[in-house]
Amino acid sequence: RSVQILSVLFLDKASETAKSHHNLAQVNFVAINHDKATGSTESIPMSAIISWDYRQRSKNPEEAWQNWDGFVVTHY
């Protein structure tokens with residue numbers, strides 16, 4: 001299976017003065033199933049609503065990688 005992101009629509013914006021940003025976005029994408037036996041593909045359009053919290057980037061490289069450089073998905 002592969003995934004192709006079609007668009008990301010930001011549904012709200014956080015205050016510039018807030019320490020922690022709570023954001024909401026709609027991600028439109030296509031999941032593509034590949035049948036190795038026949039070579040055929042099936043495309044399934046999907047949409048997800050995702051919210052996340054942005055905190056400062058960790059100084060620990062492993063934690064920063066796991067935390068998407070400070071982004072934490074809180075709901076999906």
Side-chain angles (χ1 to χ4, degrees):
R1 174 177 270 188
S2 60
V3 175
Q4 179 182 9
I5 303 295
L6 301 175
S7 64
V8 177
L9 305 170
F10 293 96
L11 303 175
D12 72 343
K13 295 185 180 184
S15 166
E16 302 255 343
T17 60
K19 287 184 180 179
S20 185
H21 298 274
H22 298 281
N23 295 294
L24 187 65
Q26 177 180 337
V27 179
N28 298 309
F29 60 99
V30 176
I32 305 166
N33 295 319
H34 304 271
D35 187 331
K36 291 182 180 180
T38 65
S40 65
T41 60
E42 175 188 18
S43 297
I44 305 165
M46 297 184 177
S47 181
I49 302 291
I50 299 175
S51 67
W52 67 92
D53 187 26
Y54 183 77
R55 300 179 287 188
Q56 71 182 28
R57 182 178 174 158
S58 173
K59 293 180 183 177
N60 176 333
E62 181 65 25
E63 185 178 322
W65 171 253
Q66 294 295 323
N67 195 24
W68 297 341
D69 293 336
F71 287 94
V72 178
V73 174
T74 56
H75 293 89
Y76 60 92

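Ile44 and Phe29 end up in the same hydrophobic cluster when Ile, Leu, Val, Met, Phe, Trp and Tyr side chains are linked at under 4.5 Å. By the criterion of side-chain heavy atoms lying less than 4.5 angstrom apart, applied directly or through intervening Ile, Leu, Val, Met, Phe, Trp or Tyr residues, Met46 is grouped together with Val8 in one hydrophobic cluster. Under the 4.5 Å side-chain heavy-atom criterion for Ile, Leu, Val, Met, Phe, Trp and Tyr, Ile32 and Ile5 are members of distinct hydrophobic clusters.
Interatomic distance, CG of Leu9 versus CG of Asn28, reported as 5.5 Å (0.5 Å rounding). For the atom pair OG (Ser51) and CG (Leu24), the distance works out to 6.5 Å, reported to the nearest 0.5 Å.
Remark: Ser43 engages no residue in a side chain to side chain donor-acceptor pair (under 3.5 Å) (not counting sequence neighbours).
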